[in-house]
**Student:** 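Dropping the structure in here first, questions after.
Residue numbers begin at 1 in each chain, while the letters A, B, ... track the order of the sequences.
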2 protein chains.
Amino acid sequence: MATIYDVCREAGVSMATVSRVINGSERVRPKTRERVVSVMEQLGYKPSHIAQSLASKFTNSIGIQVSELTGSFYGPMMSGIDEELHKANKQGLITSGRSSEEREKHGIESLISRQCDALILHVEAVSDEYLLELSKRNVPFVLLNRYIEEIADQCIVLDDLHGGYIATKSQIELGHTDIAYISGPLWKGDAIQRLNGHKKALKEHGISFDEDLCFEGDYFKESGIAAVESLLSKGKHFSAVVCGNDEMAAGAIVTLRNAGLSVPRDISIVGYDDIDVANYLYPRLTTVKYPLKEMASMAARWVLKNVYNQDVRLENKFVPDLIHRDSCSERKVH
Amino acid sequence: MATIYDVCREAGVSMATVSRVINGSERVRPKTRERVVSVMEQLGYKPSHIAQSLASKFTNSIGIQVSELTGSFYGPMMSGIDEELHKANKQGLITSGRSSEEREKHGIESLISRQCDALILHVEAVSDEYLLELSKRNVPFVLLNRYIEEIADQCIVLDDLHGGYIATKSQIELGHTDIAYISGPLWKGDAIQRLNGHKKALKEHGISFDEDLCFEGDYFKESGIAAVESLLSKGKHFSAVVCGNDEMAAGAIVTLRNAGLSVPRDISIVGYDDIDVANYLYPRLTTVKYPLKEMASMAARWVLKNVYNQDVRLENKFVPDLIHRDSCSERKVH
DNA sequence: TATTTTAATGTAAGCGCTTACATTGCAGCC
DNA sequence: GGCTGCAATGTAAGCGCTTACATTAAAATA
């Protein structure tokens, strides 16, 4: 592999000059630049990122920590980030934390020790304190889908209260009043907010919240199944089910169908997230769209702006919309 | 950030000694090691990967190029690779190539310029020649899901001929003889092999291959829809559809249902890949399982063995199985 | 043309490590 | 005690760049 030495020898200039043309500095005479460039091409020279990183302050790499590498939630997220970074010629280092506190911390530390210029984190298990601590350690980072008051401007979040609200409201507007709710795990902030939105819609329309129609799941399909089974076994009437996310909705649909209930004829269902699968389900799922990709790319832009001083617009809070598909219908009037 | 200098000063030893304890060399007196370790902890010292990379031959990072960051195909792949690398304390650099020749090449070059110790590639657009060329450029790499004779031992592949074969054979065994086939794009090796497997099964059972029952799609859902529409419009009878992948199968199911045909009662369907979605579909899709995660982790092991000289077992060719679910049934006898 | 100003280029000191080789210390031996 | 032979440790030269500062060449000015 050719080095900068080879280039400056062949081109008859000093290292500094070569470095200048590499970095696109103005202070090089066009003629010199041409000569250097042509030598570089001739030699197939590519600057060593490693050496550049060591010598300069920046590594041009951004650490990305997600919960899972797999699944239709994180895919768009990574891809949103990556696209934006790629345009800016930065490299993302992706790690997964698997929602375990230890692994999340370990992942973050490992990213730091790799000298990332910044971090984009989607973490659930680590505490606010840890993150606050981290923010004092001069490693710039953005939080995706998590809100911490003290570092609000480093947080890119979805208005989950509103999401939960419109999901339930849509059902109320279809005439439903007995509305079951399958919640995500209530130790997660987003799950709480979504549920609060649900309650808000209920309250606003004079419907009282019924504990018996609410089930706490874990965001996985299986808990959607368990939820419907539990709901059915209680014998309470409900004509609509609002779900904390699409996966649980998928489980719910299957289980309802197995119980001889038709969706949406007998039961109306709304999901949340609008993952790929929502569109493959039968019936196609009406759901609250989580603008994941946009938010992810916003996170990348945050870095571009705050770390590399690029001039970009930032937006912190996103507002979700309802995507109407085939899983909802008006309440049957008897 | 504390550097190795701080450590050796505080511990009263030379840099070489500190370096030895960092790298777990034997040649350090236990007492010395302890002292150094305690100083490192006290200072919160973490060696700089960058500097280590520059000084040593290795960066401990492995470039990974996939076609997409998103989708249920690549998720398990990345996660399979990452898990294995993580155990070995290596970092994966993930890039996506989007099946465009230019972007794939660009991605590969960028990975190389980042001094990856090795590359794991899932590429479709670049030519064999390019890859052969690459293999001479002293960058070790493995190919996932692609076979090139000359570098066969760098290829980790699925026996797609067998996959296509068992898919179709399963239908024949259910009594079907009029079997439609929705193929992937035939410029891709795997699509060809799967189709060949289909033909082989047909031939073996004395059924002749009918061009009119075969449709070339592009592996996306929409082409599954288009395929069924085309098939239906031809008016040829078929009682089973074998699909080149699950996505197209998903499209096919919906379209058949819209046409008033029931799956599996009227038409039997088999997919290929066993992506997540297959399990969410209605009916749950019977499909050929692509052991993606295993293959991906094998790719990682290939690197561990061939680049870092670790002692691991390698396997090049995987054989797929059929996963029986609910989308197939015996041919109706009139 | 001599002088000042400015642009272009060069010099060399790091960046934080690894590693071949040199040196030191000490156990074991006669 | 003096010597050999390792094991433990130290020395110092890179690795391939960036960059503050110094120098020189060219352009502008008088």
**Student:** Can you find a heavy atom in the side chain of His122(B) that is under 4.5 Å from one in the side chain of Met77(B)?
**Tutor:**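 Result yes, sub-4.5 Å side-chain heavy-atom pair found.
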**Student:** Less than 3.5 Å apart, any donor N or O on the side chain of Gln154(B) or Ser135(B) sitting next to an acceptor on the other?
**Tutor:**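 Absent: no donor and acceptor within the cut-off.
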**Student:** Measure from CG on Asp6(A) to C1' on dC17(D) and round the result to the nearest Å.
**Tutor:**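 After rounding, the reported distance stands at 13 Å.
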**Student:** Pick base, sugar-phosphate or nothing for Arg27(B), based on heavy-atom distances below 4.0 Å to the nucleic acid.
**Tutor:**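 Here Arg27(B) touches the bases of the nucleic acid.
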**Student:** Among residues at least two apart in sequence or on other chains, which ones pass ring pair (Phe, Tyr, Trp, His ring centres under 6.0 Å) with Phe141(A)?
**Tutor:**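 Checked Phe141(A) against ring pair (Phe, Tyr, Trp, His ring centres under 6.0 Å); zero matches.
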**Student:** If we only count heavy atoms from C-beta on, is the Val13(B) to Arg20(B) side-chain gap below 4.5 Å?
**Tutor:**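 Contact flag for Val13(B)/Arg20(B) side chains = no.
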**Student:** Looking at residues at least two apart in the chain, or sitting in another chain, which of them share a ring pair (Phe, Tyr, Trp, His ring centres under 6.0 Å) with Phe58(B)?
**Tutor:**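 Tyr308(B).
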**Student:** For DNA chain C, whose closest nucleotide is more 5', that of Gly12(A) or that of Gln52(B)?
**Tutor:**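 Result of the comparison: Gly12(A).
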**Student:** Could you list all N or O pairs between the protein and nucleotides 19-22 of chain D that sit under 3.5 Å apart?
**Tutor:**
none

**Student:** Using a cut-off of less than 4.0 Å, is there contact between a side-chain N or O of Thr32(B) and OP1 or OP2 of dA8(D)?
**Tutor:**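 For dA8(D), neither OP1 nor OP2 has a side-chain N or O of Thr32(B) closer than 4.0 Å.
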**Student:** Can you check the Ile50(A) CD1 to dT18(C) C1' distance for me, whole Å?
**Tutor:**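 It is 14 Å, rounded to the nearest whole Å.
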**Student:** List in numerical order all residues of residues 39-49 of chain A for which some heavy atom is under 4.0 Å away from an atom belonging to DNA chain D.
**Tutor:**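 Residues of residues 39-49 of chain A under 4.0 Å from DNA chain D: Tyr45(A), Lys46(A), Pro47(A), Ser48(A).
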**Student:** Could you please name the option among dC17(C), dC17(D), dT9(D) that lies closest to any side-chain atom of Tyr5(B)?
**Tutor:**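 The answer is dC17(C), which lies nearest to the side chain.
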**Student:** Run the salt bridge (charged side-chain N to carboxylate O under 4.0 Å, His left out) check on Glu84(B) and Lys87(B) step by step: do they pass?
**Tutor:** CA-CA 5 Å; Glu84(B) 201 72 36; Lys87(B) 278 189 239 163; 3.7 Å; yes
**Student:** In residues 109-116 of chain A, which ones come under 4.0 Å of DNA chain C, going by heavy atoms?
**Tutor:**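 Close to the strand, none.
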**Student:** Does a side-chain heavy-atom distance below 4.5 Å link Val142(A) with Val303(A)?
**Tutor:**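 Yes. Closest side-chain heavy atoms under 4.5 Å.
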**Student:** Is the phosphate of dT9(C) approached by Arg29(A) (side-chain N or O, under 4.0 Å from OP1 or OP2)?
**Tutor:**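 The answer is yes; a side-chain N or O of Arg29(A) sits under 4.0 Å from OP1 or OP2.
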**Student:** Give Ser53(B) one of three labels, base, sugar-phosphate or nothing, depending on what nucleic acid heavy atoms sit under 4.0 Å from its own.
**Tutor:**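 Answer is nothing: Ser53(B) stays at 4.0 Å or more from every strand.
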**Student:** State the NZ-OG distance between Lys46(B) and Ser110(A), to the nearest 0.5 angstrom.
**Tutor:**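 The NZ atom of Lys46(B) sits 9.5 Å away from the OG atom of Ser110(A).
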**Student:** Flag the pair Phe318(B) / Tyr290(B) as yes when their ring centroid distance falls below 6.0 Å, and as no otherwise.
**Tutor:**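 Ring centres of Tyr290(B) and Phe318(B) not closer than 6.0 Å.
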**Student:** Could you tell me the separation between the CD atom of Glu34(A) and the P atom of dA8(C), rounded to a whole number of Å?
**Tutor:**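 One finds 14 Å between P of dA8(C) and CD of Glu34(A), rounded.
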**Student:** Base, sugar-phosphate, or nothing: which does Val13(A) touch, judged by heavy atoms less than 4.0 Å apart?
**Tutor:**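 Here Val13(A) touches the backbone only, sparing every base.
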**Student:** Grab the NZ-C1' distance between Lys31(B) and dC26(C) for me, whole Å please.
**Tutor:**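 Going from NZ in Lys31(B) over to C1' in dC26(C) covers 15 Å.
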**Student:** Nearest to the side chain of Ala51(A), which nucleotide is it out of dG16(D), dG16(C), dT9(D)?
**Tutor:**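 Among the listed nucleotides, the one closest to the side chain of Ala51(A) is dG16(D).
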**Student:** Could you tell me whether the side chain of Arg137(A) reaches within less than 4.5 Å of the side chain of Ile112(A), counting heavy atoms only?
**Tutor:**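 Counting from C-beta outward, Ile112(A) and Arg137(A) do come under 4.5 Å.
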**Student:** Between Leu54(B) and Ser14(B), name the one whose nearest nucleotide on DNA chain D is closer to the 5' end.
**Tutor:**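 The residue closer to the strand's 5' end, by nearest nucleotide, is Ser14(B).
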**Student:** Sequence neighbours excluded, which residues qualify as ring pair (Phe, Tyr, Trp, His ring centres under 6.0 Å) partners of His49(A)?
**Tutor:**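 Not a single residue meets the ring pair (Phe, Tyr, Trp, His ring centres under 6.0 Å) criterion with His49(A).
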**Student:** Just by distance, no angles: are the side chains of Ser48(A) and Gln115(B) close enough, under 3.5 Å, to form a donor-acceptor pair?
**Tutor:**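 There is such a pair (donor and acceptor under 3.5 Å, judged by atom type) between the side chains of Ser48(A) and Gln115(B).
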**Student:** Without decimals, in angstroms, what is the distance between Ile4(B) CD1 and dG14(D) P?
**Tutor:**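 After rounding, the reported distance stands at 19 Å.
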